[in-house]
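Report on one structure; see the data block that follows.
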Amino acid sequence: MNKNIVTRFAPSPTGMMHVGSLRTALYSYLWARHNGGKFILRIEDTDRERFVPGAIEQIVRTLNWAGFDYDEGPVLTSDGKIQERGQNGPYIQSKRTAIYREYTKQLIDHGHAYRCFCTREDLEAMRTDQQQRGVPPMYDRRCLQLTEQQIKQKLDQKTPYVVRLKVPRDGYTVFKDVIRKRVQFENKLVDDQVLLKSDGFPTYHLAVVIDDHLMGVTDIIRGEEWLSSTPKHIFLYQAFRWPVPSYAHLPLLVDRERKKLSKRRGDVAVDDYIKKGYLKDAILNFIVLLGWNPKTAEEIFTLPELVKRFELAQVHKAAAVFDLEKLNWVNGKYLRTLPVPRVRELSEQYLCSLPGYQDYRANTKFIEKAIALEQSRIKKLSDLPEAIGFFFSEKLDYDPAQLVWRKSDRPKTILAMQKALDRLELFTEADFVQAKLEPALLAFAKEQGIDNGTMFWPLRFALSGKERSPSPFEIMGVLGKTQSLRRIQSGLNRLKK
RNA sequence: GGCGCCAUCGUCUAGUGGUCUAGGACACUGCCCUCUCACGGCAGUAACCUGGGUUCAAAUCCCAGUGGCGCUGCCA
């Protein structure tokens, strides 16, 4: 517990939020809350070309959906507008360009950075040449040779330029990563990173360091793809004489081919999973376990439990495969604990286009009874229409031959169905519930000397039209006497033909 | 190519020198329940990347190789 801990989630608004980003956000959130510290949301929109309108709103909405409340950062007002909240704003980097420019000037003045007037073509040619010579492609510092007059002249001519970090060429940069322990890079292999682009916007490397420092971030939790650029960030902290924060580089999330999760091979957006009917808690529970576990046999955790138990230092080093099978299992686990009315609410969007559903729409009792039967049989909400469709429409499409149980035959089945029908007629509509039907019919079959399979398979099939379904008693309890008898009679008629 | 990170069942992982004939979960298989499916219960198959060291003893420490991934952009 360290109340001084400050973490942040700093996504780029370039589209839908990725499940990998969700995990980074989750770990950052958990670590802050676990310590009783602060959690900040910052938007890194310094690449104007990749900016997607609406993406910031989307990020905020996803964070709200997940329940990651943050102490500072952009929030959504009731009318859907972005509003900044917190003492260290703005939290959207494109609004902070003046800050970056000022600090860049400081770096230049102190000799930690320099202007580079090379064009993209110059750089391209330089890289090609370096590659042909088999040397590491790095900026050759030609603009560092420029005299003060030359620089002044170019500035007067309004020659576009970038500002580069002057990386020390000696020694090593060593830092401790919470997850990876000691990491070391040889300084002479670190390129003179562009800090300020010619459009006046900072690159990630400059903005991230300045903002993390100004916003008081103590623990940087980010994806492993940033590990190799950490030395550049450390140089900057040193140049500014700022304390270097703690780093935790998270292992990547990969697909079953061990490739970075990609759109081509499956869903990567959090929204894709929400749309498929995966529950929030299940997604978070599944995702937190991809790279971390509390070292017990337990697998199901609520967010508050995670806050209590999460430890950054326990996070794994190796990349984790995003395995849908396990997500399905976790989701099923959560689905089964949900109250039926809640499942109905959440499923409304999936059910509304179901044939016959509109006739029952107001009859929530009926819908909920149907859902209760299928709740343990589906993996996700979007499976529900397929599962309960037969309750709403009596137009069941099946081959009458399927009414015959595998160990039975047609004549026996016709007889069993007829007898069942006669017995069922004796029930009042009020008594037509599973608790009364099941013992009575079971006893009836026994007394008639009819196999359970011979009698109940065809009943169930006639009622549901499916090989796999809840028991006939359960279905009849939902459908009621009239509808149930009609379906069984219809099945019998079709079998007799 | 260079640099870096990583490496336990198919997957997520426990394991920090002896308690490992390597534990749990998902998936898979079988059994129980049962008219079917699901749920639930029980059982089973299945892994320490390879090669060298260090040590009385290595999944655990060191080195090399191999493989995977990341970075190598005026993207983040």
Side-chain angles (χ1 to χ4, degrees), chain A residues 10-14 44-50 116 118-120 123-124 127 130-131 134-138 160-164 177 179-180 183-186 189-191 193-205 207-208 222-231 249 251-252 254 256-260 286 289-300 316-330 332-333 336 373-379 387 405-408 416 442 445 451-461 464 466-472:
Chain A
S12 292
T14 53
E44 312 226 321
D45 60 341
T46 55
D47 186 348
R48 293 174 308 163
E49 287 174 20
R50 292 210 306 155
C116 169
C118 294
T119 63
R120 288 167 201 268
L123 297 172
E124 192 49 49
R127 269 192 287 265
Q130 285 166 333
Q131 262 157 18
V135 299
M138 281 173 72
Y161 66 92
V162 301
V163 176
R164 287 180 182 274
D177 184 278
I179 295 167
R180 285 150 218 286
V183 184
Q184 171 179 309
F185 290 86
E186 193 172 359
L189 264 13
V190 180
D191 201 2
Q193 183 59 234
V194 171
L195 300 175
L196 202 67
K197 300 183 252 187
S198 54
D199 64 2
F201 277 77
T203 58
Y204 169 84
H205 305 90
V208 78
R222 68 202 336 181
E224 195 192 324
E225 68 267 28
W226 297 110
L227 193 60
S228 341
S229 40
T230 304
H249 288 94
L252 261 21
V254 295
R256 38 264 151 211
E257 269 117 61
R258 295 228 157 252
K259 303 275 183 230
K260 203 170 167 177
F286 167 68
L289 259 15
L290 255 27
W292 174 82
N293 78 86
K295 304 190 187 298
T296 66
E298 298 153 80
E299 302 260 7
I300 302 297
H316 278 229
K317 297 193 234 286
V321 175
F322 191 93
D323 177 24
L324 223 49
E325 294 292 352
K326 186 98 177 211
L327 208 210
N328 283 336
W329 175 76
V330 175
K333 211 80 173 153
R336 272 166 252 140
L373 295 189
E374 297 292 351
Q375 197 170 0
S376 70
R377 292 164 219 268
I378 57 170
K379 296 291 186 196
W405 186 42
R406 64 189 156 84
K407 292 184 192 168
S408 192
L442 247 19
D451 289 331
N452 284 349
T454 299
M455 180 176 283
F456 302 126
W457 170 276
L459 291 191
R460 196 178 53 70
F461 211 107
S464 68
K466 295 161 81 172
E467 289 192 352
R468 307 162 154 207
S469 82
S471 77

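Letters A, B, ... mirror the listed sequences (proteins, then strands); counts begin at 1.
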Spacing between A/Asn452 atom CG and B/C35 atom P, to the nearest angstrom: 4 Å
Pair of N/O donor and acceptor under 3.5 Å linking B/C37 base with A/Ser469 side chain: no
Counter-base of B/C31, judged by Watson-Crick or G-U geometry with both distances under 3.5 Å: B/G41
Options B/C6, B/A76, B/C35, nucleotide nearest the side-chain atoms of A/Ala318: B/C6
5′-ward residue of the pair A/Lys295/A/Ala10 relative to RNA chain B: A/Lys295
Distance in Å, A/Phe185 CZ paired with A/Thr230 OG1, rounded so as to fall on 0.5 Å steps: 6.5 Å
C1' gap between B/U19 and B/A59, integer Å: 15 Å
Closest listed nucleotide, where the reference is the side chain of A/Glu44 and the choices are B/G10, B/A76, B/G2: B/A76
Any A/Asn293 side-chain nitrogen or oxygen under 4.0 Å from OP1 or OP2 of B/C12: no
Sugar-phosphate only, base, or nothing, as touched by A/Val162 at under 4.0 Å among non-hydrogen atoms: base
Phosphate-side-chain proximity, A/Arg336 and B/G40, N/O vs OP1/OP2 below 4.0 Å: yes
Closest listed nucleotide, where the reference is the side chain of A/Leu289 and the choices are B/C12, B/G2, B/C74: B/C12
Sugar-phosphate, base or nothing in reach of A/Thr46, heavy atoms under 4.0 Å: sugar-phosphate
Whole-Å P distance, B/A27 and B/U66: 38 Å
Nucleotide nearest A/Arg127 (side chain, heavy atoms from C-beta), chosen from B/G68, B/A76, B/C74: B/C74
Sugar-phosphate, base or nothing in reach of A/Arg50, heavy atoms under 4.0 Å: base
Pairing partner of B/U55 (Watson-Crick or G-U wobble, both distances under 3.5 Å): none
Nearest-neighbour nucleotide for the A/Glu224 side chain, B/U11, B/G4, B/C37 considered: B/G4
B/A76 pairs with, by Watson-Crick or G-U criteria that keep both distances under 3.5 Å: none
Side-chain N or O of A/Lys333 closer than 4.0 Å to phosphate OP1/OP2 of B/G40: yes
Among B/A27, B/C3, B/C37, the one nearest A/Lys379 by side-chain distance: B/A27
Sugar-phosphate, base or nothing in reach of A/Ser12, heavy atoms under 4.0 Å: sugar-phosphate
Nearest-neighbour nucleotide for the A/Trp457 side chain, B/C6, B/U36, B/C74 considered: B/U36
Sugar-phosphate only, base, or nothing, as touched by A/Arg460 at under 4.0 Å among non-hydrogen atoms: base
Closest listed nucleotide, where the reference is the side chain of A/Ser228 and the choices are B/A76, B/C74, B/G70: B/G70
Contact under 4.0 Å: A/Lys326 side-chain N or O vs B/U13 OP1/OP2: no
